[in-house]
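All remarks here apply to the structure that follows.
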Amino acid sequence: MLTSLYEVSGTRVTVGRSPVAPEELDYGRITGGNYGAAARVNPFADYGAPETIQVGPVGEDYAWIGPDERIHTSLRAQAPLDRFDLLRFTADIAVARADRVEVDDWPQPSGRALRTCDGTRIAESRRPLARLGAFEWLTESRRELVTFWSVSGEMGDESPWWPAFPWTGVSIQHDGHDCAHALKPDHDGLEDRAMVGWASSVAEAAVPPEPDARP
């Protein structure tokens, strides 16, 4: 598991008694991007702009997960009950084959560095990749694994279903590049050779009714 990010967001929903005419529906909400089951067009309901409630990592970066292993965690998020009608939980996890992405034990970063690249503010971590054999010493320049969270700026997803920020990414690159290289990789095949992939999930739930305040 190279890196991960979960997000809890909330949305206002306005429900009308009369349906919107089909020609007036905003079909761009479902044709403008690959948003999965979280995207929809509803002639009775209008979904407001999403607001971030809480974000964080799903687990520890660079954690090795075996074929039969599972990670279970619980979290708690707080938000006003009367502010949202719909809650949404998303999780994105970047994974790779452990025998193709092995980071050096030294130096280990003390934390994520906050910096601004091409107008986007990111929190990044860099670790050099281990050379696994003499052939790589002779044929490959030093490579590094860059994992990052984009937290604000200009390169956000304009989805109507969840906030543009934060979002997470991974770049395997030859060292010596600046931080902007991670946002705009050169597609030289390093990620493909390492079999970097993504697992994502979206879940939704209506906000529970406010508990009875009677004594």
Which residues share a side-chain contact (heavy atoms from CB on, under 4.5 Å) with Ala79, sequence neighbours left out: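 Ile53, Phe84.
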
Contacts of Ser159 that satisfy side-chain contact (heavy atoms from CB on, under 4.5 Å) - sequence neighbours left out: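 side-chain contact (heavy atoms from CB on, under 4.5 Å) list for Ser159, sorted by chain: Tyr35, Asp157, Trp161, Trp162.
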
Single-linkage hydrophobic cluster, 4.5 Å side-chain cutoff, [X] and [Y] together:
X      : Y      : value
Val101 : Tyr62  : yes
Val196 : Leu145 : yes
Leu2   : Leu190 : yes
Val146 : Val151 : no
Ile65  : Leu5   : no

Pairwise side chain to side chain donor-acceptor pair (under 3.5 Å) hits with a residue in residues 86-97, at least two apart: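 Residue pairs passing side chain to side chain donor-acceptor pair (under 3.5 Å), neighbours aside: Arg88-Glu204, Asp92-Ser200, Arg97-Asp99.
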
Quick one: closest heavy-atom pair of [X] and [Y], and the distance?
X      : Y      : answer
Ser171 : Glu191 : CA-OE2, 3.5 Å
Met1   : Ile93  : CG-CG2, 3.5 Å
Ala194 : Ala96  : O-CB, 3.6 Å

Check: Gly59 main-chain N/O paired with Ser4 side-chain donor or acceptor under 3.5 Å: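 Side chain of Ser4 to backbone of Gly59: a pair is present.
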
Distance in Å, [X] [atom1] paired with [Y] [atom2], rounded so as to fall on 0.5 Å steps:
X      : Y      : atom1 : atom2 : value
Trp167 : Ser150 : CH2   : OG    : 3.5 Å
Arg115 : Arg121 : CZ    : CZ    : 11.0 Å
Gln173 : Asp178 : CD    : CG    : 8.5 Å

Salt-bridge present (Arg126, Glu124; N to O < 4.0 Å):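 Looking at Glu124 together with Arg126, the answer is yes, because their closest N to O distance falls below 4.0 Å.
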
Residues in ring pair (Phe, Tyr, Trp, His ring centres under 6.0 Å) contact with Trp149, at least two apart in sequence or another chain: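 Trp149: no ring pair (Phe, Tyr, Trp, His ring centres under 6.0 Å) contacts found.
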
Contacts of Phe89 that satisfy ring pair (Phe, Tyr, Trp, His ring centres under 6.0 Å) - sequence neighbours left out: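 With sequence neighbours excluded, Phe89 shows a ring pair (Phe, Tyr, Trp, His ring centres under 6.0 Å) to Tyr6, given in chain and number order.
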
Please examine the side chains of [Y] and [X], heavy atoms only from C-beta on, and report whether any two atoms are closer than 4.5 Å.
X      : Y      : value
Glu51  : Pro163 : no
Arg193 : Ile172 : no
Val207 : Leu81  : yes
Ile122 : Cys117 : yes

For Asp118, salt bridge (charged side-chain N to carboxylate O under 4.0 Å, His left out) partners two or more places apart: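 Testing Asp118 for salt bridge (charged side-chain N to carboxylate O under 4.0 Å, His left out), a comparison that skips the adjacent residues, returns Lys184.
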
Residues which pass salt bridge (charged side-chain N to carboxylate O under 4.0 Å, His left out) with Glu7, listed by chain and number, not counting sequence neighbours: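 For Glu7 there are no salt bridge (charged side-chain N to carboxylate O under 4.0 Å, His left out) partners, ignoring immediate neighbours.
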
Hydrophobic cluster (4.5 angstrom, side-chain heavy atoms) - remaining members for Trp64: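 Other cluster members: none.
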
Other ILVMFWY residues reachable from Met195 by side-chain steps of under 4.5 Å: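 None; Met195 is a cluster of one.
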
Listing, residues 9-30 side-chain donor-acceptor contacts under 3.5 Å, not counting sequence neighbours, or none:
from: Arg12; atom 1: NE; to: Arg83; atom 2: O; distance (Å): 2.9
from: Arg12; atom 1: NH1; to: Asp82; atom 2: O; distance (Å): 3.4
from: Arg12; atom 1: NH2; to: Asp82; atom 2: O; distance (Å): 2.6
from: Asp26; atom 1: OD1; to: Gly28; atom 2: N; distance (Å): 3.2
from: Arg29; atom 1: NH1; to: Tyr47; atom 2: O; distance (Å): 3.4
from: Arg29; atom 1: NH2; to: Tyr47; atom 2: O; distance (Å): 3.0

Salt bridge (Lys or Arg N to Asp or Glu O under 4.0 Å) partners of residues 60-74, not counting sequence neighbours, each pair once: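 As it turns out, the salt bridge (Lys or Arg N to Asp or Glu O under 4.0 Å) pairs with a partner in residues 60-74, which skip direct neighbours, are Asp61-Arg112.
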
